[in-house]
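Data first, discussion second: the structure below is written as structure tokens.
Letters A, B, ... mirror the listed sequences (proteins, then strands); counts begin at 1. Here the structure is a predicted model, which means the values were calculated and not measured.
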Protein chains: 2
Amino acid sequence: MMDKKVSIKDIAKIVGVSPALVSMVLNGKAEQYRIGEEVAKRVVETAKSMHYAPNLIAKNLRSGKTQLVGLIVTDISNPFYSAIARIVEDRASELNYTVLISSTDENLKNTERLVDVLHNKGVEGLILVPCDGSKELIQGLYESDFPTVLLDRYFPDIDLSSSCLDNYKATELATEHLLGQGYKNIALIAYNTEMQHILDRISGYEETMKNAGLGAYTHVRKVDILNPKPDIWKALEELINKEHADAVIFLTNMLATNGLYCLNEMNVKIPEDIAVIGFNGNDAFNLFYSPITYVKQPIEQIAKEAIDTLIKRIKKSNYKSKLFLGPELVIQKSSLRDA
Amino acid sequence: MMDKKVSIKDIAKIVGVSPALVSMVLNGKAEQYRIGEEVAKRVVETAKSMHYAPNLIAKNLRSGKTQLVGLIVTDISNPFYSAIARIVEDRASELNYTVLISSTDENLKNTERLVDVLHNKGVEGLILVPCDGSKELIQGLYESDFPTVLLDRYFPDIDLSSSCLDNYKATELATEHLLGQGYKNIALIAYNTEMQHILDRISGYEETMKNAGLGAYTHVRKVDILNPKPDIWKALEELINKEHADAVIFLTNMLATNGLYCLNEMNVKIPEDIAVIGFNGNDAFNLFYSPITYVKQPIEQIAKEAIDTLIKRIKKSNYKSKLFLGPELVIQKSSLRDA
DNA sequence: AACACAAGCTAAATCGTTTTAGCAATTGTT
DNA sequence: AACAATTGCTAAAACGATTTAGCTTGTGTT
């Protein structure tokens with residue numbers, strides 16, 4: 001099982017043929033190259049008995065193909081991205097590709113470096129969660145025509161394939177649900193960023209509020225992405241005490257989790273004092289004393305479409321696919337009026 | 001940035017020297033091979049201006065080294081392992097290695113297949129979380145002398161490097177803490193498995209109980225590893241209603257999380273009705289209405305030692321290191337008598 | 001009998017590096 | 001002046017696979 005040394009030459013020597021013939025047979029091209037049945041059979045058997053396994057490095061060098069793809073996320077230890085990674089990895093494996101995973105920590109320099117590093121390692125394509133400020137880098141990737149699929153986040157004016165949530169719909173769903181429960185003074189906690197998916201989520205909320213004639217009750221607070229807790233604390237305090245908000249939507253899982261820590265420490269009761277909606281369910285939401293309503297992303301679909309799109313693009317240079325997949329609202333006690 | 005076509009030959013042609021010379025210079029061996037300073041400088045400059053990046057595939061083929069290592073965990077979407085993966089990945093990157101990650105789902109056949117697949121992809125070593133029943137496979141790995149480091153789990157009679165928690169100490173800490181709080185009828189929820197790390201955790205608890213003269217109050221329940229919830233429910237019901245347990249230790253994060261779901265559904269109050277200790281902290285524990293005391297593993301250290309040990313072993317064939325790293329008890333409300 | 005053609009194989013180039021052996025020109029030694 | 005040693009470079013092999021061109025046989029056709 002563990003030899004790793006037997007090459008095509010060794011087989012050739014033993015069977016008494018040329019390495020070329022062995023290669024042909026082992027690649028199923030015996031007929032095409034009119035190899036005698038007898039000889040072909042002996043080659044196959046010898047290969048098996050010697051536990052031959054092709055040297056993929058050599059294969060790659062010759063073919064120029066590495067069967068490698070890169071997955072660049074912000075942090076693989078973030079459960080959202082590790083769930084994505086798991087699915088991408090499984091699907092890639094089925095398609096005979098290997099995934100190289102890296103984390104950027106939302107940092108542009110890191111992202112640039114990782115794109116270079118992965119490119120250097122010979123990946124044939126990239127699935128990428130672009131960080132704030134990476135537009136030029138992504139534009140460059142687009143112009144270089146390197147197979148790239150954006151995941152979770154996208155740029156509306158860069159014509160690259162992408163696999164994302166329908167972010168507008170997500171907050172629309174959340175806001176409508178809160179309105180339906182009779183909440184009016186609904187606040188939103190967002191990141192302080194130009195990233196389009198966040199802007200879309202904000203729009204979904206703002207438009208829905210406006211359409212309900214509650215434009216005056218719109219409160220959007222933006223907090224620092226790398227160290228959100230202090231900002232969240234301050235925002236919540238103001239929203240609750242000064243603005244008398246009766247509900248709050250957190251735009252990401254990280255924001256919601258930090259928000260719950262704050263609300264607990266502030267001794268604010270959910271949903272009695274304020275209703276809460278989060279993003280991306282997890283055990284913490286479900287086990288909370290008042291289980292948290294959340295927007296559920298179709299993670300499996302997002303991941304699968306990303307890798308499938310990438311592979312199609314690698315194989316067919318003009319393939320493109322821009323997906324905005326539908327969210328679902330998982331309603332729990334944290335957003336119900338008379339729970 | 002995105003060219004990928006310029007080779008050592010191209011540089012050689014432009015500078016007007018041989019490819020060999022270019023290789024020597026670019027590998028910092030100019031002095032060693034007595035290359036003229038003038039020429040060397042021109043080579044370096046030309047390489048830079050052409051954005052030369054070495055073809056790693058070719059390099060690997062030539063050197064027989066792939067700079068690849070495998071990381072086989074049970075599930076990369078499990079936060080414990082994704083945290084490990086993040087650290088391994090970062091450290092490996094520093095050491096100029098690339099990590100290939102796979103998930104076994106606690107399944108032996110998968111594990112065997114993945115070991116083969118990764119081996120085939122040319123990894124120079126493996127970090128591996130062995131699943132139940134994998135002893136023969138691991139023994140085979142040991143005998144083949146393939147660089148392997150076991151992570152999180154180990155086999156006492158296989159002389160392989162490993163980086164694990166001090167499991168006995170972990171439950172000893174937990175049990176002593178509960179005893180110190182005056183709890184006597186302490187139960188344990190474990191997996192139904194032969195895996196040594198679980199057996200060690202059970203021993204830590206049993207011995208501590210025995211030493212306290214409470215051998216008679218020892219309750220160990222073993223549940224199915226793949227679908228634990230029904231077993232946990234039944235065990236908890238019995239422990240609480242029939243055995244009048246006043247505390248319960250869950251041996252893993254998955255067990256604790258499932259246990260909390262059960263206790264919530266059963267309307268059992270923590271710690272009033274029963275005290276709880278879990279394994280591996282997370283937001284769900286901290287945000288719980290009564291924050292959960294847990295055994296904290298030194299994840300960073302475990303991961304870092306695993307990859308460092310592997311790389312040392314790859315470079316030095318007789319290197320070996322068996323680590324059992326110290327746990328820490330994070331005490332929260334769920335295990336305090338008079339909270 | 002002469003030639004075409006198919007069958008069954010091999011030699012050699014190639015992918016991009018690294019490294020060994022060795023060549024030519026210059027300098028140093030006596 | 002003859003020879004040795006040093007300097008600065010190149011040619012070629014090697015890693016393990018794939019593929020193209022081409023070489024022998026043998027068979028069939030006329």
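The interatomic distance linking Ile35(B) (CD1) with dT19(C) (P) rounds to 13 Å, in whole Å. One atom, CD1 of Ile57(B), and another, C1' of dA17(D), lie 13 Å apart when rounded to the nearest Å. Per the geometry, OH belonging to Tyr33(A) stands 10 Å off P belonging to dA21(D), to the nearest Å. Rounded to an integer number of Å, the gap from Met24(B) CE to dT7(D) C1' is 14 Å. One interatomic measurement links the two molecules: CG of Leu21(B) to P of dT20(C), which rounds to 16 Å at whole-angstrom precision. Nucleotide dG8(D) holds its P atom 15 Å from the CD atom of Gln32(B), rounded to whole Å. Protein atom CG of Asn55(A) is 21 Å distant from nucleotide atom P of dT14(C), rounded to whole Å. One can place CZ of Arg34(B) at 14 Å from P of dT20(C), the figure rounded to the nearest angstrom.
In the displayed structure, Glu31(A) atom CD is contacted under 6.0 Å by at most 12 heavy atoms of other residues, nucleotides or ligands. Other residues, nucleotides and ligands contribute over 12 non-hydrogen atoms within 6.0 Å of the NZ atom of Lys320(A).
Proximity of Ser63(B) to the phosphate of dT17(C): no side-chain N or O atom is located under 4.0 Å from OP1 or OP2. Residue Tyr52(A) places at least one side-chain N or O under 4.0 Å from the OP1 or OP2 atom of dA17(D). Regarding contacts with the backbone of dT10(C), a side-chain N or O of Ser18(A) is found under 4.0 angstrom from either OP1 or OP2.
Contact annotation for Ser23(B): base contact, defined as any heavy-atom pair under 4.0 Å involving a base atom. Contacts of Asn60(B) with the nucleic acid, taken as non-hydrogen atoms under 4.0 Å apart, are absent. Within 4.0 Å of Gly36(B), counting heavy atoms only, lie sugar-phosphate atoms of the nucleic acid but no base atom.
Considering only heavy atoms from C-beta on, Thr309(A) stays 4.5 Å or farther from Ile127(A) through its side chain.
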Requested in this report: May I have the step-by-step check of side-chain contact (heavy atoms from CB on, under 4.5 Å) for Tyr154(A) and Gln196(A), ending in yes or no?
Outcome: CA-CA 7 Å; Tyr154(A) 72 108; Gln196(A) 189 63 38; 3.5 Å; yes

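The nucleotide whose nearest atom lies closest to any side-chain atom of Lys29(B) is, among dT19(C), dT10(D), dG16(C), dT19(C).
When each of Leu61(B) and Ala20(B) is assigned the nucleotide of DNA chain D bearing its nearest heavy atom, the one mapping closer to the 5' terminus is Ala20(B).
With hydrogens and angles left out, the side-chain atoms of Asn318(A) and Lys316(A) include a donor and acceptor closer than 3.5 Å.
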